[in-house]
Amino acid sequence: MKKYIPQTFEDALIAIWDQEGVYTPKDDSKKEKMYTLSMFPYPSGAGLHVGHTRIYTGTDVISRYFRMKGYNLLYPMGWDAFGLPAENAAIKAKKNPMDMVPQNIENFKYQMNKLGLAYNWSREFSTTDPEYYGMTQWLFTEFYKLGLLYKKNTPVYFCPTCKTGLAEEEVLPNGTHERCGNLITRKELPQWIFRITTYADSLLDGLKGLDWPNGILEMQKKWIGKKEGINIHYSIKNVEETVTCFTTRPDTNFGATFVVIAPEHHFVKRILSGEIAVDEKTKQEIEAYVATSLAKTDVERIAEGRKKTGAFTGFYAINNLTGREMPVWVSDFVLSGFGTGAVVGVPAHDLRDFEFAQQFGIEIIRVVSGKDGDVSPISKPEQVQEDAGTMVNSGFLNGLDIHDATQKIMDYLEEKGWGERVVSYHLRDWIFSRQRYWGEPIPMVYCESCALKNQSWFTTEQGNAFTKTHQTISKVDKELQNNMAGWFIIDQKTLPLELPYMESYEPTGTGESPLAQATEWVSVPCPQCGGAARRETDTMPNWAGSCWYFLAFAFWDKTKKQPVFDQEQIKKWLPVDWYVGGAEHAVLHLLYARFWMHVLNDLKFIDFREPFLRLRNVGMVLAEDHRKMSKSWGNVINPTDVVSEYGADALRVYEMFMAPFNQEISWSTSALQGAFRFLQRLWYLFHSETSMTDNEAEVNRKLRSKLYKTIEKVGNDIVEIKYNTAIAAMMEFLNDWEKNGPKLTREDAKKMLQILAPFAPFMTDEIWRNVFGEKESIHISTWPTFDRSQIETEELVIPVQVNGKTRSSVIIPIADANKDSVVKKALEEEKLAKYVQGREYDVIYVEKRILNFVVKG
RNA sequence: GCCGGGGUGGUGGAAUGGCAGACACGCCAGACUUAAAAUCUGGUACUAGCAAUAGUGUGAGGGUUCGACUCCCUCUCCCGGCACCA
């Protein structure tokens, strides 16, 4: 019999599929559209790893399924090739990334084809293609016009290894850079800032109706971090100064005994500059404290834990509610970037405030009662009461629940003009410039002489007109326009602004981009006055290209000339129906891409707001030793090696079978061999004389029923991304089919082949063509239908319990599966009789499922 | 500390109120073989028993139910995320 040797047909099929155009079908608008997408990869020099194969196979299965179900499918692939890893790899290899990236892409594509991934390659592009990044730049200019982007000197996170500024989201909790793993510092640099915060509410609202994993939704919510509270203004005794504190708990304000401001607070600056007079000793103390706390690295802050430090300013803030004079302290537990950079201390009801008060001997006043009306004084950290309760010692709030008290005091403070309700967010604006070579050049020009005349794009005729017509979306304010003096958008018709090829492009570390060295490229005439001007030399971050690539797939067509931003095609295909990728992008790519789409929707460029309707996460693939695969551990599995040894189908089936799709798995070569055996056993059955027949009389009816149940289960499991149980069901069917040579009709056998096709595209098409003589690929065949009446079997097995414990079971014709017959039959069983005989009992019968005798006494 | 996910045989896992352990890996025994690999057949939660069978069993304890891996409460451990966010 013909042996199962995948190497003898897999490569040939890749060529046949390509030649027949199996995966580049005619766009058929009569069918319902379906857009399936894996997060596109950064094409590293190392090639695909087995983690990639898991995401891509998972997306491939559902895509192939939907195509067979008759959907008009968009299932593309492309390359996210700008960014630090590509550039760092190129520096190491002493090459230009422009030369290296195409080689890496070639290799990735070759490996993907080897895996039998059914991409429509006519849609392929790389974010580094000038036609593509020209549009990324165009979008940048549109965002600029709206006032969402501006340049400013800003303290930023700075990676000394990568020598570039970074966004908040790129810094890991341990203070290292998300890409390179090295420690981060801070630096003040001129940066392009993307005002994502103006979309905080929009991004939060959009999460509502998304079919995404719970954890990812929660992480985005938390990252946006919306908090509703109130800013309370406290005037400072004997000085012309007001300190504003943000709080979500104004209900406790009768218990406020001190105020703490961040070391960066403007009041501190006024004291240190001598603008506000204090005695020399206090000034020196504050100076010393501020200096040490600003010099602290994040690592030192973390190491210090919760220990409270601080310095007294010598000033007092007046609490209008109580008339109390509250000492104003400086401490670094108050963060300058959150709220107002100042907090009011209520030590009885906030653990941090308590720790601070205890450290410096400040009075503690209880204003909320604890459990059972407890109003005892608070002197230990575990007594600090942050939970709900009833107000005490709080004047007109006494007796109220804290939530009612919060509303009442807010109304009161606003009425008196002592404060106003505000909403605060954790989300920060997005630092959007990188001082690196390998990214999209920012299409802006700076003209010194126009800057002196306070001219900018906003003062041009075009700028004026635009700002007027876009007032409802545009968040441009006067201050921002003044900040942008001298800055002009390059003529959009000249896009793409191509990245110059440079012999030497290493990062400088001075805060200046390597592009500044490309003197010819940098100097341009000013679009406004025509005088000498300079191009912006920073580039966009690696996230830029991935913020809209899923739109580009809708209209990209390699077989045609220069693509245009085709709103009709976008409308037709978007949003993405199924988006598959790792959970590591929870607050990076997935937040940024949503932000761009919200803006584009406001601009009416697109007719939807949320780009990804369904998100499914893939679990990591660990090494056989349960550690992460890594060159240094020497435990890396290369998928191409696996394919040459076992074939792509075995690898695919193995990775889909090992565990639920979203769960982490450890590599297991013996389990992979099990997947290979499964395919091999099927192969033999499809090549055996005795397993199939053309004679209806020889058909095994039970087997046919099992087949139809399996077809149904596999289809259901695929759309629930339960690939492991889909494969288990097919294995179960195989076991039945193998036993004692029961027969299927050839037509039924073909159905079995079809439901396996999304998982094992090579073997199934090989058999489809060579055993069944089909002329067209199995992959463009229609998902099997079946006669439902054939599913029902004639007999049922009904388990019989006594007091909920299973003691026996009865086999009964389905027509007789009513309570009386089942009970009668059960009582004939000797095993049962001994539990039931001579005793009183109730009977619970669940139609066709179970029988339970409830014996009394 | 807070948020999210989880704890089931030797291993990966299945079952989401109705026969716990499907399916697979591993292991044991057998067949084929000079032998090994491959392949095939049978067995494989734990305890007692030659066996039929009985008892126990889904992290721990309690509850709801005729019936709980599944629902509720308390606790515990593991994984992921966030964390001096006022």
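Residue numbers start from 1 in every chain, and the chains themselves are labelled A, B, ... in the order their sequence lines are given, proteins ahead of strands. Heavy atoms only: backbone and side chains are in, while hydrogens, waters and symmetry mates are out.
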* To do: Mind checking A:Val334 for me? I need base, sugar-phosphate or nothing, with any heavy atom below 4.0 Å counting as a touch.
  => base

* Name the nucleic acid region contacted by A:Lys221, choosing base, sugar-phosphate or nothing; use a 4.0 angstrom heavy-atom cut-off, strictly under. => nothing

* For A:Gly339 and A:Phe246, which heavy atoms make the closest approach, and how far apart are they? -> CA-CB, 4.1 Å

* A:Ile224 has an atom CD1; how far is it from atom C1' of B:G81, in whole Å? -> 15 Å

* Name the nucleic acid region contacted by A:Gly225, choosing base, sugar-phosphate or nothing; use a 4.0 angstrom heavy-atom cut-off, strictly under. => nothing

* Quick one: label A:Pro660 by what it contacts on the DNA or RNA (base, sugar-phosphate, nothing), any heavy atom closer than 4.0 Å. => sugar-phosphate

* Partner of A:Glu169 by side chain to side chain donor-acceptor pair (under 3.5 Å), out of A:Tyr157, A:Tyr592, A:Trp430 -> A:Tyr592

* **Salt-bridge present (A:Glu218, A:Lys221; N to O < 4.0 Å)** => yes

* Any donor-acceptor N or O pair under 3.5 Å, side chains A:His589, A:Glu584 -> no

* To do: Could you check how far CZ of A:Phe676 sits from C1' of B:A38, rounded to whole Å?
  => 10 Å

* Give, for atom CG of A:Asp211 and atom CG of A:Leu615, the distance between the pair rounded to the nearest 0.5 Å. => 9.0 Å

* To do: Summarise protein proximity over nucleotides 16-22 of chain B in one line of letters, 5' to 3': B for base, S for sugar-phosphate only, - for none, counting protein heavy atoms closer than 4.0 Å.
  => --BBS-B

* **Whole-Å C1' distance, B:G17 and B:A37** => 49 Å

* Asked: Which pair of non-hydrogen atoms, one from A:Leu210 and one from A:Phe612, has the smallest distance, and what is that distance?
  -> CD2-O, 3.7 Å

* Structure fact -> The residue, A:Trp223 or A:Lys713, whose nearest nucleotide of RNA chain B is more 5′ is A:Lys713

* Asked: Is the base of B:G80 syn or anti, where syn means the angle lies within 90° of 0?
  -> anti

* Could you measure between the two P atoms, the one in B:G30 and the one in B:G49, and give it in whole Å? => 24 Å

Review item, nucleotides 53-56 of chain B N/O atoms under 3.5 Å of protein N/O:
unit_1 : atom_1 : unit_2   : atom_2 : d
B:A54  : OP1    : A:Tyr835 : OH     : 3.2
B:G55  : OP2    : A:Arg807 : NH1    : 3.0

* d(CZ, A:Phe678; C1', B:C25) in whole Å -> 15 Å

* To do: Determine the contact category for A:Val343: base if any of its heavy atoms lies under 4.0 Å from a base atom, sugar-phosphate if only primed atoms, P, OP1 or OP2 are that close, otherwise nothing.
  => base

* Asked: Does a distance-only test, which skips hydrogens and angles, find a donor-acceptor pair under 3.5 Å between the side chain of A:Lys308 and the base of B:C84?
  -> yes

* Are any of A:Lys222's side-chain N or O atoms less than 4.0 Å away from OP1 or OP2 of B:G4? -> no

* A:Leu172 or A:His426: which one's nearest nucleotide on RNA chain B is closer to the 5' end? -> A:Leu172

* Expected output: side-chain A:Trp212 to main-chain A:Leu207 donor-acceptor under 3.5 Å -> no

* To do: Using the P atom on both, measure B:G9 against B:U47 and round to a whole Å.
  => 14 Å

* Please confirm whether the backbone N or O of A:Gly255 pairs with a side-chain atom of A:Arg324, one donor and one acceptor, at under 3.5 Å? => no

* Structure fact -> From CZ of A:Arg681 across to C1' of B:U41 the rounded distance in Å is 12 Å

* To do: Determine yes or no for a side-chain-to-main-chain donor-acceptor pair under 3.5 angstrom, with A:Thr340 supplying the side chain and A:Thr244 the backbone.
  => yes

* For atom C1', what is the distance between B:C50 and B:A15, given to the nearest Å? -> 34 Å

* **Ring-face cation of A:Lys308 near A:Phe360 (centre distance under 6.0 Å, axis angle within 45°)** => no

* To the nearest Å, give me how far apart NZ (A:Lys3) and P (B:A38) are. => 13 Å

* When the C1' atoms of B:U70 and B:U8 are considered, how many whole Å apart are they? -> 12 Å

* To do: Compare the minimum distances between each of B:A86, B:G5, B:G12 and the side chain of A:Met658, then state the nucleotide with the smallest one.
  => B:G12

* Structure fact -> note: A:Glu655, atom CD; B:G13, atom C1'; distance rounded to Å ~ 16 Å

* Identify all stems in which RNA chain B takes part, counting only runs of at least 3 consecutive pairs (Watson-Crick or G-U wobble, each distance under 3.5 Å), and give each as one range with another, ordered by first number. => B:1-7 with B:76-82, B:10-12 with B:23-25, B:26-31 with B:39-44, B:45-48 with B:53-56, B:59-63 with B:71-75

* **Span that lies between the P atom of B:C69 and that of B:G57, in whole angstrom** => 10 Å

* Polar side-chain atom of A:Ser394 near backbone of A:Leu397 as donor-acceptor pair, under 3.5 Å -> no

* When rounded to the nearest Å, what value does the distance between P atoms of B:C2 and B:U74 take? -> 13 Å

* Asked: Taking OP1 and OP2 of B:G26, is either one under 4.0 Å from a side-chain nitrogen or oxygen of A:Arg677?
  -> yes

* To do: Grab the CG-C1' distance between A:Leu590 and B:G81 for me, whole Å please.
  => 14 Å

* Asked: Any Lys/Arg nitrogen of A:Glu732 or A:Lys706 sitting under 4.0 Å from an Asp/Glu carboxylate oxygen of the other?
  -> yes

* To do: Round to the nearest Å and state the distance from A:Lys226 atom NZ to B:C3 atom C1'.
  => 19 Å

* **A:Asn635 side-chain N/O to A:Glu624 backbone N/O, donor-acceptor pair under 3.5 Å** => no

* Asked: Would a distance-only check, ignoring hydrogens and angles, find a side-chain to backbone donor-acceptor pair under 3.5 Å from A:Asn617 to A:Val580?
  -> no

* Please measure how far the C1' atom in B:G13 lies from the corresponding atom in B:U65, and state the result in whole Å. => 29 Å

